[in-house]
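One structure is given below, encoded as structure tokens.
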Amino acid sequence: MLWSQTFIPTLKETPADAEIVSHQLLLRAGLVRKLTGGLYTFLPLGLKVLRKIEQIIREEMNRAGGIEVLMPALQPIDIWQQSGRYETASGVLFKVRDSARKDWVLGPTHEEVITSLAANELNSYRQLPKNFYQIQTKFRDEIRPRFGLMRAKEFLMKDAYSFDATDAGAMTSYHKMYDAYTRIFARCGLQAFPVEADTGVIGGNYSHEFMVPAETGENDVVYCESGKYAANIEKAISRGPAEATPSESTGVAPEKVATPGVVTIEALAASPYGVSARHQIKTLVFVADSKPILVLIRGDDSLNEAKLMAKTGAVQVRQATADEIVDLLGARPGSLGAVSATLKTPAVPVYADEALRGARGMTTGANEDGFHLRHVEVDRDLKVTAWYDLRTVKVGELCVETQQPLKIRRAIEVGHVFKLGTKYSEKLNATFLSEDGSRHPAVMGCYGIGVTRTLQAVIEQCNDKDGIRWPVSVAPFTVCITPLTVAPESQPMTLARELAATLEAAGIEVILDDRDERPGVKFKDSELVGFPLRVNLGEKSLAKGEIELKPRGGTMRMVPIADAAAEVIAWVRAESARLQG
RNA sequence: CGGGACGUAGCUCAGCCCGGUAGAGCACUUGGUUUGGGACCAAGACGUCGCAGGUUCAAAUCCUGUCGUCCCGACCA
């Protein structure tokens, strides 16, 4: 490929609306251009990278027994109503209306479509297991598209769906995908690692996310340095708070104390009250599936809403409004409590965090503005409907596996594998006949990779001050041949064309920078775009019988003209082998 | 949806507070000089100052509304 005959609009300056380095480099290297918020056009080089990532995914999916299909992006709403997600996922659904005024959705994911297919086509245990996958555009009405391709309204995803006859079979399918994902990200040159994950709206009971460590990521991962434990903070557990919950009884009944103007944990902890956060019970009011609930957390802990939803089985949870809270408890936020004697409506469920078990000598709101209760003992004074682990793990707490202190880091989620069970197969009648003639719903799993997000994650992880540093496996071109003189019959240009032909014949993707630009411009551009190897052909070196090999980020090496092709091929093969894992 | 910032040339931005002929650098066009790390000189072209109202003799500048972008939060298979 000649540079002059493709389209690589590089930018010297950083675009104003790109915040993170990978987004800036996507634009500066001429890989994408924004149409509007959350929607991007892929330019030739961006598209080449995308296709390479897709190809790696295809190879590994096929190797793991996946069968490629292509499903419609436009979907009828009835299957979404059948699965129940027309309601539960309505926040992300793009809905469209046709000329007959019938409603459709643009698929944010394809459990409904594939399960409908399976319902019709998979009727016997003899046909199982099956794992269908596709690489296709997804649409999600993200509230806030962000960071270029990281969170977009329209994006490319690889999604796969497994159907098994038995739970054990489903676990096997799950682990095949888990292993395939590990290989896929390694081949893309990404350091990604699996973590235990919450399943969210998609459902199911077992799940891992593949995370790329990055400060700009949108997820917090809790992990143990031993490598034996890692989980999304939404799911993470520990051996409990670093400081024990107070459990010594004062032997005194709850006592009302005036705390005028005190509406925060901090204010109550400060002078003149001096009630440390650890001695307080935080009372939160939520509306879970339209019903009010009280949630109790130790004052120095924070509620993990994902856990609340997972543990209570609630589908939609929101914080109650101030008015709702006053109606329910008779007091405003800041003075709320769950001490039974103060509750107007004892029927409201009270969910308490495990860390509050046996707590005594606690202080909590009196359900009367400006007053708190002290000497509260949870077992004696509160009626707890259910105890759950609802708190968010904090740095330094001990790992449940190794008892070492846990750490937390930011990460980008590039893949997610779920064991779904029979949630969708039951609702959409994807059943099969087993050997004994009985009918069962297929046991499903689903597996997603954000292809466009993966592309940006590679940039986020592989860059330096000069630009992108593509791993050879996904680089738009592997070698950038750079003649410093481009006159058609000049020696640099003639040798450049010959070398390009030789390398292409060896299956190496080459771009030849035939632009009539000064060397500095070409060097800067090739480094910005990030081609793994640049081959310089300048009259000075050629006069000495040498060609220059400059790996991106490495040191320049001179090789005899006659050896250049062989040297480049050897370099590329060695780099490629390094990424095969 | 709440909070904040910002919309001026293709890009990065100044001008706005204090109303009075729309600017710089880069990019682009032409000519010349250069030619191993984003060259230099000269000439040129490029704008309904996001949009709509309002105030005013006069609005990029002040006011109101609106649309859009980015960030934080909420939310997020």
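Convention: sequence-line order gives letters A, B, ...; per-chain numbering from 1.
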| remark: Taken to the nearest whole Å, NZ/Lys34(A) to C1'/G7(B) is 11 Å
| field | Pairing nucleotide - G19(B), Watson-Crick or G-U, each distance under 3.5 Å | value | none
| said: Applying a 4.0 Å non-hydrogen cut-off, can you work out what Glu305(A) is touching in the nucleic acid: base, sugar-phosphate, or nothing? | reply: sugar-phosphate
| said: What is the distance, to the nearest angstrom, from the CZ atom on Arg552(A) to the C1' atom on G37(B)? | reply: 13 Å
| note | Protein heavy-atom contacts under 4.0 Å, written 5' to 3' over nucleotides 9-15 of chain B as B (base), S (sugar-phosphate only) or - (none), form the string --BSS--
| Whole-Å distance separating the CG atom of Leu35(A) from the C1' atom of G68(B) | 13 Å
| Proximal nucleotide (of G68(B), G38(B), C76(B)) relative to the Glu142(A) side chain | C76(B)
| Nearest of C1(B), G37(B), G68(B) to any side-chain atom of Lys550(A)? | G37(B)
| message | Using OP1 and OP2 only, check whether a side-chain N or O of Arg144(A) sits under 4.0 Å from C71(B). | response | yes
| message | Go nucleotide by nucleotide along RNA chain B from the 5' end; which of Glu19(A) and Gly520(A) gets its closest nucleotide reached first? | response | Gly520(A)
| said: Using OP1 and OP2 only, check whether a side-chain N or O of Ser541(A) sits under 4.0 Å from G36(B). | reply: no
| field | Same-atom distance (C1') from C28(B) to C17(B), integer angstrom | value | 35 Å
| Polar contact flag, side-chain donor to acceptor under 3.5 angstrom, Glu234(A)-Asn304(A) | no
| field | Base G37(B) to side chain Arg534(A), donor-acceptor N/O within 3.5 Å cut-off | value | yes
| message | Can you tell me whether the side chain of Arg318(A) and the base of C75(B) have a donor-acceptor pair closer than 3.5 Å? | response | no
| note | Of G38(B), G36(B), C75(B), the nucleotide closest to the side chain of Asn536(A) is G36(B)
| message | Just by distance, no angles: are the side chains of Tyr133(A) and Asn131(A) close enough, under 3.5 Å, to form a donor-acceptor pair? | response | no
| field | Nucleotide nearest Met556(A) (side chain, heavy atoms from C-beta), chosen from G38(B), C70(B), G36(B) | value | G36(B)
| query | Quantified in whole Å, what is the C1' atom distance between nucleotide C49(B) and nucleotide G15(B)? | reply | 10 Å
| message | Under a plain distance cut-off of 3.5 Å, with no hydrogens placed, do Thr14(A) and Gln24(A) share a side-chain donor-acceptor pair? | response | no
Quick test: give all pairs of protein nitrogen or oxygen and nucleotides 33-35 of chain B nitrogen or oxygen below 3.5 Å, distance rounded to 0.1 Å.
from   : atom 1 : to        : atom 2 : distance (Å)
U34(B) : O2     : Arg518(A) : NH1    : 2.8

| query | Just to confirm, is there a sub-4.0 Å distance from OP1 or OP2 of G36(B) to any side-chain nitrogen or oxygen of Lys522(A)? | reply | no
| said: Could you tell me the Watson-Crick or G-U partner of C51(B), where both distances fall under 3.5 Å? Say none if there is no partner. | reply: G65(B)
| request: Count the heavy atoms of every other residue, nucleotide or ligand shown that sit under 6.0 Å from CZ of Arg497(A), and state whether that count exceeds 12. | output: yes
| said: Counting only side-chain heavy atoms from C-beta out, which of C26(B), A74(B), G37(B) sits nearest to Lys12(A)? | reply: C26(B)
| message | Counting only side-chain heavy atoms from C-beta out, which of C70(B), C72(B), G37(B) sits nearest to Arg146(A)? | response | C72(B)
| task | Could you tell me whether the side chain of Val195(A) reaches within less than 4.5 Å of the side chain of Tyr223(A), counting heavy atoms only? | result | no
| Between C70(B), G37(B), C76(B), which one does the side chain of Lys524(A) approach most closely? | G37(B)
| field | Partner residues of Lys34(A) under the salt bridge (Lys or Arg N to Asp or Glu O under 4.0 Å) criterion, sequence neighbours left out | value | Asp17(A)
| If you look at every strand shown and take non-hydrogen atoms under 4.0 Å, does Asp525(A) touch a base, only sugar-phosphate, or nothing? | base
Side-chain donor-acceptor pairs of residues 208-216 of chain A under 3.5 Å, sequence neighbours excluded:
from      : atom 1 : to        : atom 2 : distance (Å)
His208(A) : ND1    : Tyr174(A) : OH     : 2.6
Glu209(A) : OE1    : Asn232(A) : ND2    : 2.7
Thr216(A) : OG1    : Glu460(A) : OE2    : 2.9

| task | Round to a whole Å and report the spacing from CD of Glu209(A) to C1' of C76(B). | result | 12 Å
| note | To the nearest angstrom, the CG-P distance between Leu39(A) and C70(B) comes to 10 Å
| query | Rounded to whole angstroms, how far apart are CG on Leu528(A) and C1' on G37(B)? | reply | 14 Å
| request: Applying salt bridge (Lys or Arg N to Asp or Glu O under 4.0 Å), name anything that partners Lys282(A), two or more places apart in sequence or on another chain. | output: none
| task | Assess the side chains of Lys158(A) and Tyr181(A): does a donor N or O sit below 3.5 Å from an acceptor N or O? | result | yes
| With sequence neighbours excluded, residues passing ring pair (Phe, Tyr, Trp, His ring centres under 6.0 Å) with Tyr351(A) | Tyr388(A)
| message | So Gly37(A), base contact, sugar-phosphate only, or nothing? Heavy-atom distance under 4.0 Å. | response | sugar-phosphate
| Quick one: which of G38(B), U69(B), C72(B) gets closest to the side chain of Phe147(A)? | C72(B)
| message | With rounding to the nearest 0.5 angstrom, report the CG to CG distance, Leu455(A) to Leu50(A). | response | 6.0 Å
| Where the side chain of Ser526(A) meets the backbone of Phe523(A), is there a donor-acceptor pair that is under 3.5 Å apart? | yes
| message | Heavy atoms only, 4.0 Å cut-off, all strands: where does Glu527(A) land among base, sugar-phosphate and nothing? | response | base
